[in-house]
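Below is one structure, written out as structure tokens; the observations come after it.
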There are 2 protein chains.
Amino acid sequence: MFSKTCEYAIRAVLYIAQMSKNGDKVSIKSISKGIDSPEHFIAKILQELSKKGLVQSLKGPTGGFYLSEQSKKHSLADIVRAIDGEKIFTGCGLGIGQCSEEFPCPIHNDFKMIRKKLFDLLQKTKVNEFNNQLEMQLAFLKKNHN
Amino acid sequence: MFSKTCEYAIRAVLYIAQMSKNGDKVSIKSISKGIDSPEHFIAKILQELSKKGLVQSLKGPTGGFYLSEQSKKHSLADIVRAIDGEKIFTGCGLGIGQCSEEFPCPIHNDFKMIRKKLFDLLQKTKVNEFNNQLEMQLAFLKKNHN
DNA sequence: ATTATAAAAGATATTTTTATCTTTTATTAA
DNA sequence: TTAATAAAAGATAAAAATATCTTTTATAAT
Ligand code: FES
Ligand code: FES
């Protein structure tokens, strides 16, 4: 569905949202452990998200990642778009050049609806809306949550 | 959504279904042109589908690919499973080790429904059901259909 | 000012996916 | 039975995704 990079990205942002909700900053080490991803790889991904304004960061001691008020309101769709691009939202399910009504692939009509539902889900879901569930361990960002 | 390999695979099988419906066999060259895919690459993919019994083939002059009565009844889900595996049907949208009710990721409930709808679509869709649409150019398997 | 810290940036490596090329095998037609 | 045809099989290559390592820059604490 999403690239691995994108999966990491979403999980990282949700983790930052939860861990920084009281003004703390979150280190790459903490994120890497918190979502069970390779440390250097998630660092690269966050660099990219930071450039695109989806997360904020500060260097140096007491530094780390956090979310501005604006970033807290971003949707999962924004993250997916930043990492994987538009393809999943607008592309043809069978990979013919373009998805269009004029020259539809065989599954166009059904696929379009599913694609739309996926988009709606991601669009309506904001990155800060799971803070409590995550804290209360009703939702998880990695397999082994000990 | 699907790997490029899987997209080619589905398009190839739909193409074979349509082109072989009157008992003809379809060559790799024809398939490659018909779905706009690299010739050697689609050859490899069809080899795999052939091994798994999703398409039939015969070597030599007048040889080519075709579908047995059984293969005509296969679903798109069968093809996806053969090429991309189960992940898209059962895996977690955020890529945590496993999708489970006990340790759900934040989007588990919504994602599960979309995943299910996708599966249902692919499961109910049989490879021979587009023959007429394809023939009448009401559906397409490549961008430039001239 | 100096040192320690942590992210940014840049370089490199590995793995997987996608694609191509060559040789072999099966089948048919002549 | 020979030659031609077309897929199967195997080997290799190129590109993209994933992962790691090193150096630099910004910031804060001392
Ligand atoms: S053309 Fe394939 S999904 Fe629209
Ligand atoms: S745990 Fe993520 S989709 Fe089920």
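Here is how names work: the chains are called A, B, and so on, in the same order as the sequence lines, proteins then strands, and each is numbered from 1.
- Distance, A:E39 CD to D:dC21 C1': 12 Å, rounded to whole Å.
- Between B:T125 and B:L121, the shortest heavy-atom distance links the atoms OG1-O, 2.6 Å.
- At least one donor-acceptor pair under 3.5 Å links the side chain of B:R115 to the backbone N or O of B:G91.
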Tell me which donor-acceptor pairs under 3.5 Å the side chains of residues 46-71 of chain A have, and how far apart each pair is, sequence neighbours excluded?
unit_1 : atom_1 : unit_2 : atom_2 : d
A:K52  : NZ     : A:A82  : O      : 3.0
A:Q56  : OE1    : A:S68  : N      : 2.8
A:Q56  : OE1    : A:S68  : OG     : 3.3
A:Q56  : OE1    : A:S71  : OG     : 2.8
A:Q56  : NE2    : A:S71  : OG     : 3.2
A:S68  : OG     : A:Q70  : N      : 3.4
A:S68  : OG     : A:S71  : N      : 3.0
A:S68  : OG     : A:S71  : OG     : 3.1
A:E69  : OE2    : A:K72  : NZ     : 2.8
A:S71  : OG     : A:G53  : O      : 3.3

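- Both A:L122 and A:I45 are members of a single hydrophobic cluster when ILVMFWY side chains are connected at heavy-atom separations under 4.5 Å.
- Using a 4.0 Å cut-off on heavy atoms, none of the residues of residues 76-91 of chain A approach DNA chain D.
- A donor-acceptor contact shorter than 3.5 Å links the side chain of A:T90 to the backbone of A:E86.
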Tabulate below the donor-acceptor pairs under 3.5 Å that side-chain atoms of residues 5-24 of chain A make, not counting sequence neighbours, or state none.
unit_1 : atom_1 : unit_2 : atom_2 : d
A:R11  : NE     : A:L141 : O      : 3.1
A:R11  : NH1    : B:L94  : O      : 3.1
A:R11  : NH1    : B:G95  : O      : 3.4
A:R11  : NH2    : A:I35  : O      : 2.4
A:Y15  : OH     : A:S30  : O      : 3.4
A:Y15  : OH     : A:S30  : OG     : 2.9
A:S20  : OG     : A:I16  : O      : 2.6
A:K21  : NZ     : A:E135 : OE1    : 2.6

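- In this structure, A:K29 places its NZ atom 14 Å from P of D:dT20, rounding to the nearest Å.
- Regarding contacts with the backbone of C:dA8, a side-chain N or O of A:S57 is found under 4.0 angstrom from either OP1 or OP2.
- B:D110 contributes no side-chain N or O that, together with a main-chain N or O of B:I107, makes up a donor-acceptor pair within less than 3.5 Å.
- Residues from residues 1-25 of chain A placing a heavy atom under 4.0 Å of any atom in DNA chain C do not occur.
- If you take NE2 of B:H40 and C1' of D:dA15, they are 18 Å apart, rounded to a whole angstrom.
- Side chain of A:P38, nearest nucleotide from D:dT20, D:dA7, C:dA7: D:dT20.
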Using a cutoff of under 3.5 Å, can you pull out all pairs of nitrogen or oxygen atoms linking the protein to nucleotides 26-30 of chain C, with atom names and distances?
unit_1 : atom_1 : unit_2 : atom_2 : d
C:dA26 : O4'    : B:K59  : NZ     : 3.4

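- Distance B:I42 CD1 to C:dT17 P: 17 Å, rounded to the nearest Å.
- Across all their heavy atoms, A:I96 and A:F103 have their closest contact at CD1-O, 3.8 Å.
- At distances below 3.5 Å, at least one donor-acceptor pair connects side-chain atoms of A:K142 with backbone N or O atoms of A:K33.
- Contact record, A:K73 with A:K126: O-CD, 3.2 Å, taken as the closest heavy-atom pair.
- The 12-atom threshold is not exceeded at NZ of A:K29, counting heavy atoms of other residues, nucleotides or ligands nearer than 6.0 Å.
- Between the side chain of A:Q133 and the backbone N or O of A:F130 there is no donor-acceptor pair closer than 3.5 Å.
- C:dA19 atom C1' lies 14 Å from atom CD1 of B:I35, rounded to whole Å.
- Within residues 44-56 of chain A, the residues having any heavy atom under 4.0 Å from DNA chain C are, by residue number, A:K44, A:Q47, A:S50, A:K51.
- As a whole-Å value, the separation of B:I28 CD1 from C:dC21 C1' is 14 Å.
- B:F111 and A:F140 sit in two unconnected hydrophobic clusters of ILVMFWY residues. Membership requires side-chain heavy atoms under 4.5 Å apart, directly or through other members.
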